[in-house]
Amino acid sequence: MTGASGGILGAFVVVAVAAPEFTGRWIDAAFAVATRWFGLYWQLLLLATFLVAVVLAVSPWGRVRLGGGGRPEYGRFKWVAMVMCTLLAGGGVFWAAAEPMYHFTSTPPFFGDLEPGSDEAARAALAQSFVHWGFLVWAVLGTLGAIVMMRGAEKGLPLRPRTLLYPLLGERVRTSVVGAVVDVVCIVAVVAGTVGPIGFLGLQVSSGLSDLFGVPDTYATQLVVIVGLTAVAVVSVTSGIDRGIQFLSRLNVVGALALMAAVLVLGSISFVVMNFLGGFGVYLRDFVPLSLYQGDAAWAGGWTIFFFGWFLGYAPLMAIFIARISRGRTLRELVVWTAVVPPVATTFWFTVLGGTGIWLEQQDPGAISGPLTEDGLPGAIIAIAGNLPLGGVLAVGFLLLTVTFVATTTDSMAYSIAAAGTDSEEPARQVRAGWAVLLGLAAAVLISIGDGGITALQSFIVVTAVPVGLVMLPILWAAPMIARQMAHEQFPGRGRSGAPVPTPRADADREEPPAGVPGRSATALPTTIAEIPRTER
């Protein structure tokens, strides 16, 4: 399985280098078919996943502990840091600065004609960005799939994508041909989705270094960046989740908070706060129609459906990683801290960077949109930093943060890919390191033909999202079924909803001694923590 996945990646790289134009045309055609025929399905799937996850979280079943019970392996801060930094990746910097500006200069068709440069256009631009990086994509990456995966692990199944089909196939999923195909397809999808950001990072950091310090923006510089990032990822993934991965994640969170505070202080706090509230209000008000927008098929395919398909391709491997680090958490914690709190934090981060860019653009038209048009994604963040006091320091900080963000995604996905190829609890170090090296090597080769190879690979993940979307469909009813089963196991004597069921007593008329008096029923007081009523565990 691992060999097949690596072989497919190798074949893609060889064909892309040997015939880049042919590869680009083939991927573009497949991309168009995928978005046209499956786009609405993906939108509905992501919306349904989020809604089911929220219903489970607020239900009595939200109290069940996942992964067989026991205390969580990681503290809350370490756990949330790993979740957020793995999912956010390089988009946390470059897309956060660029996407709101794209929508500000060209109003999304959902909002019709708005006055260019107005505050209303700013709120619409932010709301549209929130759709692509908000509740739905976080929910599909870290909630229902992780619940099914952890239940499978309880039953002795390996942390492989095929385990998502356990509720349908039972024990047959171990040896079935369908399971093997699912594993390969899901690994290829996440490899494509990870190699793309690594390659773009090399291109973007090289461009940033050229703007800041005059470093030649050449393949040699791009290669150095990718080699450095790969080395960090290898060290991190070989040291394991307990050390390298969680250390990088905490470093990312601290760095992001520091840079966010600096931008707020040096920019306009009032503008950011007001437009965050306004943009988030628009996002919530039009939540369903924005999520399901199909009015302009070409625009939706290039933006909303592209992002939804891209994140969907990550979903099975992310379920493996989230399951690995979330044992002992309640279902409610899992949903709140993967599909509710992180999206809110992400949208605020997008407002700090993208909103500050809009504020600067309003004061000086072209200050941000010009570099974005000329230099692409890195042009926006460099321009935003350059138009603030201490611009050079901020720009370097953002470039370093992007490197560590992408390194965190690379090591986490290398770990998950290695785990998907083994039946053991912990994949071998050399396998983890090998996948990290392979991801970096593929990116280095693809950028040798320019950004066309990386762009094709990023579009390819949307194509692979077609079968992945079918794999993720059964979890919509499998996760509630599993939550109910676990509630019955962990809270025996309770009803279907998990609520206490009164038990008739034959001696109901007999006077009961007061608490603490000999002869009192042994069941009158709670004997375990699980029996104590609570709203959150």
Side-chain angles (χ1 to χ4, degrees), residues 5 34-35 37-57 66 83 86-87 132 134-153 157-169 173 176 178-194 291-292 304-324 326 331 334-335 338-339 343 413 416-417 419-420 460-483:
S5 305
T35 56
W37 291 100
F38 293 91
L40 181 59
Y41 166 67
W42 295 341
Q43 291 171 289
L44 290 169
L45 176 63
L46 267 64
L47 179 61
T49 300
F50 173 70
L51 294 178
V52 171
V54 170
V55 169
L56 287 178
L66 302 168
V83 170
T86 300
L87 301 186
H132 303 152
F135 296 117
L136 301 194
V137 296
W138 283 86
V140 80
L141 290 172
T143 57
L144 304 186
I147 294 170
V148 175
M149 192 69 70
M150 279 189 273
R151 183 61 167 178
L157 294 173
L159 289 176
R160 292 184 176 183
R162 68 176 67 189
T163 300
L164 293 172
L165 300 180
Y166 166 71
L168 290 179
L169 302 179
V173 77
S176 68
V178 173
V181 172
V182 166
D183 286 347
V184 171
V185 168
C186 292
I187 290 175
V188 169
V190 83
V191 166
T194 306
S291 301
L292 301 181
T304 303
I305 295 173
F306 168 76
F307 277 114
F308 283 9
W310 190 17
F311 286 113
L312 183 60
Y314 271 101
L317 272 291
M318 281 306 312
I320 291 176
F321 184 74
I322 298 299
R324 173 61 183 82
S326 301
L331 189 156
L334 181 72
V335 173
T338 58
M413 291 301 95
S416 298
I417 296 168
F460 183 62
I461 191 178
V462 178
V463 179
T464 61
V466 173
V468 172
L470 300 178
V471 173
M472 298 299 291
L473 178 62
I475 68 173
L476 290 177
W477 57 85
M481 178 186 68
I482 288 170

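In this chain, residues are counted from 1 in sequence order.
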For the atom pair OG1 (Thr163) and CD1 (Ile320), what is the distance rounded to the nearest 0.5 Å?
7.5 Å
If you compare all heavy atoms of Leu159 against all heavy atoms of Ala153, which two are closest, and at what distance to 0.1 Å?
CD2-CB, 4.2 Å
Is there a side-chain contact between Thr194 and Val190 (heavy atoms, below 4.5 Å)?
yes
Where does the angle between the aromatic ring planes of Phe38 and Trp42 fall among parallel (under 30°), tilted (30 to 60°) and perpendicular (over 60°)?
parallel
Which atom of Leu317 lies closest to which atom of Pro161, heavy atoms considered
CD2-CG, 4.0 Å
Side chain to side chain donor-acceptor pair (under 3.5 Å) partners for Thr49, two or more places apart
none
What are the two closest non-hydrogen atoms of Ala478 and Val148, and how far apart are they?
CB-CG2, 4.2 Å
How many angstroms lie between CG in Leu165 and CG in Asp183, if you round to the nearest 0.5 Å?
9.0 Å
Rounded to the nearest 0.5 Å, the CD1 atom of Ile187 sits from the CZ atom of Arg160 at a distance of 8.0 Å
Using every non-hydrogen atom in the two residues, find where Pro167 and Met481 come nearest and quote the distance to one decimal.
CB-CE, 3.9 Å
Do you know which two heavy atoms are closest between Ala339 and Thr143, and how far apart they sit?
CB-CG2, 3.7 Å
Between Tyr166 and Leu157, is there a donor-acceptor pair closer than 3.5 Å when you use the side chain of the first and the backbone of the second?
no
In terms of the angle between their ring planes, are His132 and Phe308 parallel, tilted or perpendicular, with boundaries placed at 30° and 60°?
perpendicular
Beyond-backbone contact of Ile147 with Leu331, side-chain heavy atoms, under 4.5 angstrom:
yes
Any side-chain heavy-atom pair of Trp310 and Val137 under 4.5 Å:
no
Taken to the nearest 0.5 Å, the spacing of Phe50 CZ from Trp138 CH2 works out to 13.5 Å
Under a 3.5 Å distance rule, please check whether Arg162 uses its side chain to pair with a backbone N or O of Val173 as donor and acceptor.
yes
Any side-chain to backbone donor/acceptor pair from Thr338 onto Leu334? Under 3.5 Å, distance only.
yes
Pair Tyr314, Val140 - check side-chain contact (heavy atoms from CB on, under 4.5 Å), show working.
CA-CA 9 Å; Tyr314 271 101; Val140 80; over 6 Å; no
Separation between CG of Leu45 and CG of Leu40, rounded to the nearest 0.5 Å
11.0 Å
Might you point out which heavy atoms bring Gly313 and Ala465 nearest each other, and give the distance in Å?
N-CB, 4.4 Å
So Val335 and Leu56, do their side chains get closer than 4.5 Å, heavy atoms only?
no
Is Gln43 close to Ser291 at the side-chain level, that is, under 4.5 Å between some pair of heavy atoms?
no
Measuring from atom CE of Met318 to atom CE of Met413, what distance do you get when rounded to the nearest 0.5 angstrom?
4.5 Å
